[in-house]
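Right, one structure below, let's go through it.
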Amino acid sequence: MNQKIDCFISFCGKLETQHTISQLKFSELVQSIFVLSNKNIEMEGAETLLVNHPNATKSIELIARKATAGFVMVATQPSSLGLGQFAMERMLQLAESSQASMLYADYFELTVGVRSNHPVIDYQQGSLRDDFNFGPVQLFRREVLEKFVSEKHPNYQHAGFYSLRLLASRMGGIIRVPEFLFSMTETDTRQSGRKAV
């Protein structure tokens with residue numbers, strides 16, 4: 001594995017985001033780390049990218065311009081992210097051996113101190129909906145993002161990331177890694193209907 005990964009994560013609070021950055025920096029496979037935020041914040045070990053919404057078309061285009069590594073990890077959910085042991089190595093190993101355009105993995109969710117398993121389902125052609133659960137992390141080949149920019153997608157405010165996943169499905173395989181490689185901590189534990197949008 002001589003490829004590297006550029007990582008793009010959503011800001012989810014100063015301490016939580018810094019913790020995720022520290023975990024990512026621990027992996028020798030990580031080339032650069034970027035934080036997607038609508039505020040100009042200083043994060044040690046990462047560059048902050050100002051975006052209105054992490055799922056917007058303009059945000060995906062910015063990610064594509066900033067990415068220089070062969071693979072790009074994207075985590076757009078504003079939740080604290082944890083990495084399992086060798087999670088990055090496993091994702092990259094499978095990405096290289098499978099030639100997939102996008103990979104995603106099972107994850108754990110931590111809510112009020114309780115850990116729940118969240119196995120995701122296998123992607124099948126035609127099943128890609130905007131609410132399909134790919135978990136908190138997706139790994140793309142950089143070529144998918146480059147193609148996204150060259151295709152000039154409409155300026156979606158919330159569906160840019162969905163358009164990127166559709167493009168990935170046309171460019172090659174979308175592969176589920178049936179291993180619990182990541183964890184996501186739910187920070188907004190209010191009941192549905194009372195949560196912030």
Side-chain angles (χ1 to χ4, degrees), residues 3-14 16-21 24-25 30-81 88 91-92 95 100-105 107 120 123 127-174 182 184 187-188 195-197:
Q3 291 278 6
K4 294 284 187 176
I5 303 171
D6 284 332
C7 301
F8 295 81
I9 60 174
S10 285
F11 180 75
C12 63
K14 187 102 172 163
E16 294 85 355
T17 305
Q18 194 63 62
H19 180 69
T20 301
I21 292 168
L24 289 168
K25 286 181 71 167
V30 173
Q31 177 173 284
S32 301
I33 304 168
F34 300 88
V35 176
L36 306 171
S37 176
N38 61 0
K39 297 178 183 123
N40 195 5
I41 47 161
E42 297 258 341
M43 301 301 301
E44 185 179 330
E47 179 182 341
T48 299
L49 303 179
L50 285 174
V51 299
N52 286 331
H53 192 282
N55 292 326
T57 299
K58 291 202 179 301
S59 301
I60 304 305
E61 291 170 347
L62 180 59
I63 290 170
R65 285 195 302 275
K66 288 289 188 175
T68 59
F71 292 90
V72 178
M73 184 200 96
V74 181
T76 62
Q77 295 182 6
S79 303
S80 181
L81 181 67
M88 302 303 282
M91 290 287 277
L92 185 57
S101 57
M102 183 187 117
L103 287 89
Y104 63 105
Y107 66 101
V120 289
Y123 165 77
S127 68
L128 189 58
R129 297 174 9 160
D130 62 346
D131 62 350
F132 189 98
N133 183 6
F134 286 107
V137 172
Q138 292 84 49
L139 184 71
F140 294 89
R141 290 189 175 278
R142 190 179 79 220
E143 295 83 33
V144 176
L145 287 125
E146 291 169 345
K147 177 96 168 148
F148 183 86
V149 170
S150 72
E151 286 190 351
K152 308 264 190 247
H153 289 258
N155 187 21
Y156 297 122
Q157 292 305 306
H158 300 283
F161 195 54
Y162 176 59
S163 293
L164 177 66
R165 294 190 313 242
L166 285 173
L167 175 62
S169 72
R170 292 192 310 268
M171 289 183 67
I174 293 182
F182 302 96
M184 181 176 76
T187 53
D188 187 351
K195 292 187 177 195
V197 185

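- Between S101 and A168, the closest heavy-atom pair is OG-O, 2.6 Å.
- For F8, the ring-ring contact (aromatic ring centres under 6.0 Å, His included) test picks out F34, with sequence neighbours left out.
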Pairs of donor and acceptor atoms involving the side chains of residues 53-60, under 3.5 Å and at least two apart or interchain, shall be tabulated with distances.
| unit_1 | atom_1 | unit_2 | atom_2 | d |
| --- | --- | --- | --- | --- |
| H53 | ND1 | N55 | N | 3.0 |
| H53 | NE2 | H158 | ND1 | 3.3 |
| N55 | OD1 | T76 | OG1 | 3.1 |
| T57 | OG1 | P154 | O | 2.7 |
| T57 | OG1 | Y156 | N | 2.9 |
| S59 | OG | H53 | O | 2.5 |

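- Separating the CG atom in L145 from the CG atom in L62 is a distance of 11.0 Å, to the nearest 0.5 Å.
- Under the side chain to side chain contact (heavy atoms under 4.5 Å, CB included) criterion, I41 pairs with F11, V35, S37, K39, M43, T48, sequence neighbours left out.
- Residue C7 holds its SG atom at 6.0 Å from CD1 of I33, rounded to the nearest 0.5 Å.
- Taking CG of L92 as the reference point, atom CD1 of I5 lies at 4.5 Å (rounded to 0.5 Å).
- When the salt bridge (charged side-chain N to carboxylate O under 4.0 Å, His left out) test is applied to R141, no partner is found at least two apart in sequence or on another chain.
- Contact between A69 and K4 at its shortest, heavy atoms only, is CB-O, 3.4 Å.
- The two residues V72 and I63 have their closest heavy-atom pair at CG1-CG2, 4.0 Å.
- Partners of A75 according to the side chain to side chain contact (heavy atoms under 4.5 Å, CB included) rule, which considers only residues two or more places apart in sequence or in another chain, are I9, M73, L81, V137.
- The nearest pair of heavy atoms linking V120 to G135 is CG1-N, 4.0 Å.
- For the residue pair L167 and V144, the shortest heavy atom distance occurs at CD2-O, 3.4 Å.
- Heavy-atom contacts from other residues, nucleotides or ligands closer than 6.0 Å to CG of N38 number more than 12.
- Remark: E42 engages no residue in a salt bridge (charged side-chain N to carboxylate O under 4.0 Å, His left out) (not counting sequence neighbours).
- Taking 4.5 Å as the limit, every side-chain heavy atom of M91 sits out of range of all side-chain heavy atoms of F71.
- Partners of F148 under the ring-ring contact (aromatic ring centres under 6.0 Å, His included) rule, at least two apart in sequence or in another chain, are H153.
- Contacts classified as salt bridge (charged side-chain N to carboxylate O under 4.0 Å, His left out) and involving residues 43-57 (residues at least two apart or in different chains) are given here: E47-K66.
- Evaluation of the salt bridge (charged side-chain N to carboxylate O under 4.0 Å, His left out) test over residues 145-155, restricted to residues two or more places apart or in two chains, returns R142-E146, K147-E151, E151-R170.
- With sequence neighbours excluded, no residue forms a salt bridge (charged side-chain N to carboxylate O under 4.0 Å, His left out) with E143.
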